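Model, not experiment: these values are computed from the prediction.
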Amino acid sequence: MLTIERNGPWPSSPTEIPIDGRRLLLTPSCFADGVSTMLDSEALPHIVYGTRGLATLAERPEPPASQALERLLGTPRARLLTLLAEPASTTELAHRLGVTPAAISQHLSVLRAAHLLERTRHGRHVRYRHSTLGAALCAPHHAESPEG
């Protein structure tokens with residue numbers, strides 16, 4: 001016997017569905033808000049529930065900056081330049097790196113003055129991307145010497 005209790009805006013008394021040897025189909029979904037049931041005394045009982053960990057579903061892991069690039073530019077600027085393989089706005093970069101947009105803006109100014117990145121305007125938005133020189137600095141090298 002499967003007992004379903006419904007809470008929320010339309011609570012109801014518990015519903016008992018006889019399983020009688022049938023399978024129970026459990027389906028995780030990133031589109032479910034709570035639990036959804038498809039229950040019928042004749043059909044296979046089906047429960048759809050929200051998955052855990054959705055907060056990280058759309059996140060992309062940060063690409064690692066090379067140690068040599070970190071020694072050259074400092075860790076924050078090396079991480080920032082590495083992220084700029086794909087165009088991004090100041091706000092997007094601040095969100096991805098967990099810092100303020102003002103801090104990102106300061107680093108972007110320094111990297112732009114060194115010709116390591118380019119910027120393009122799309123309406124009200126400014127998007128940054130590393131330049132050819134910046135891309136060359138971010139390119140993976142086969143071996144990094146600890147002495148530099």
Side-chain angles (χ1 to χ4, degrees), residues 2-12 14-15 17 19 22-40 43-148:
L2 175 66
T3 303
I4 304 292
E5 285 190 35
R6 291 180 176 90
N7 298 319
W10 300 283
S12 64
T15 303
I17 304 294
I19 300 293
R22 295 179 294 163
R23 297 176 307 170
L24 174 63
L25 180 60
L26 299 172
T27 306
S29 173
C30 57
F31 303 106
D33 184 21
V35 175
S36 169
T37 57
M38 289 160 259
L39 303 171
D40 184 326
L44 185 68
H46 187 185
I47 299 174
V48 179
Y49 60 94
T51 58
R52 294 176 50 191
L54 287 178
T56 61
L57 182 65
E59 289 183 4
R60 291 174 286 179
E62 184 181 319
S66 74
Q67 291 178 354
L69 189 60
E70 286 182 355
R71 287 193 305 270
L72 177 66
L73 300 176
T75 300
R77 289 186 183 138
R79 289 172 55 206
L80 182 58
L81 187 62
T82 303
L83 281 176
L84 288 172
E86 298 177 20
S89 70
T90 303
T91 306
E92 292 167 9
L93 293 165
H95 176 73
R96 285 191 67 187
L97 293 173
V99 298
T100 65
I104 293 295
S105 184
Q106 289 175 350
H107 291 305
L108 291 173
S109 295
V110 171
L111 293 171
R112 187 164 180 259
H115 304 285
L116 297 177
L117 59 86
E118 303 166 344
R119 69 179 182 179
T120 55
R121 181 171 291 278
H122 296 281
R124 297 180 312 165
H125 303 282
V126 176
R127 301 188 58 83
Y128 296 88
R129 180 181 177 98
H130 55 50
S131 64
T132 305
L133 177 59
L137 285 174
C138 291
H141 295 85
H142 297 293
E144 291 188 17
S145 167
E147 295 86 62

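- With hydrogens and angles disregarded, no donor-acceptor distance shorter than 3.5 Å links the side chain of T90 to the backbone of P101.
- Scored by the side chain to side chain contact (heavy atoms under 4.5 Å, CB included) test, Q106 finds no partners at all (sequence neighbours excluded).
- The distance from atom CG of L116 to atom CG of L108, rounded to the nearest 0.5 Å, is 11.5 Å.
- With sequence neighbours excluded, the residues satisfying side chain to side chain contact (heavy atoms under 4.5 Å, CB included) with T75 are E70, R79.
- When the side chain to side chain donor-acceptor pair (under 3.5 Å) test is applied to S105, no partner is found at least two apart in sequence or on another chain.
- Using a 4.5 Å cut-off on side-chain heavy atoms (C-beta onward), Y49 and P28 make contact.
- Contacts of H107 classified as side chain to side chain donor-acceptor pair (under 3.5 Å), with partners at least two apart in sequence or in another chain: R77.
- The two residues C138 and L81 come nearest to each other via the heavy atoms SG-CG, 3.6 Å.
- R119 is linked by a side chain to side chain contact (heavy atoms under 4.5 Å, CB included) to R112, V126, Y128, counting only residues two or more places apart in sequence or in another chain.
- Side chains of L84 and L93 form a contact here, defined as non-hydrogen atoms less than 4.5 Å apart.
- Across P87 and R129, no two heavy atoms sit closer than the pair CD-NH1, 3.2 Å.
- A side-chain contact (heavy atoms from CB on, under 4.5 Å) with L117 is found for exactly one of L133, V110, L111, L80, namely L111.
- For the side chain to side chain donor-acceptor pair (under 3.5 Å) test, residues two or more places apart in sequence or in another chain that qualify with R127 are E92.
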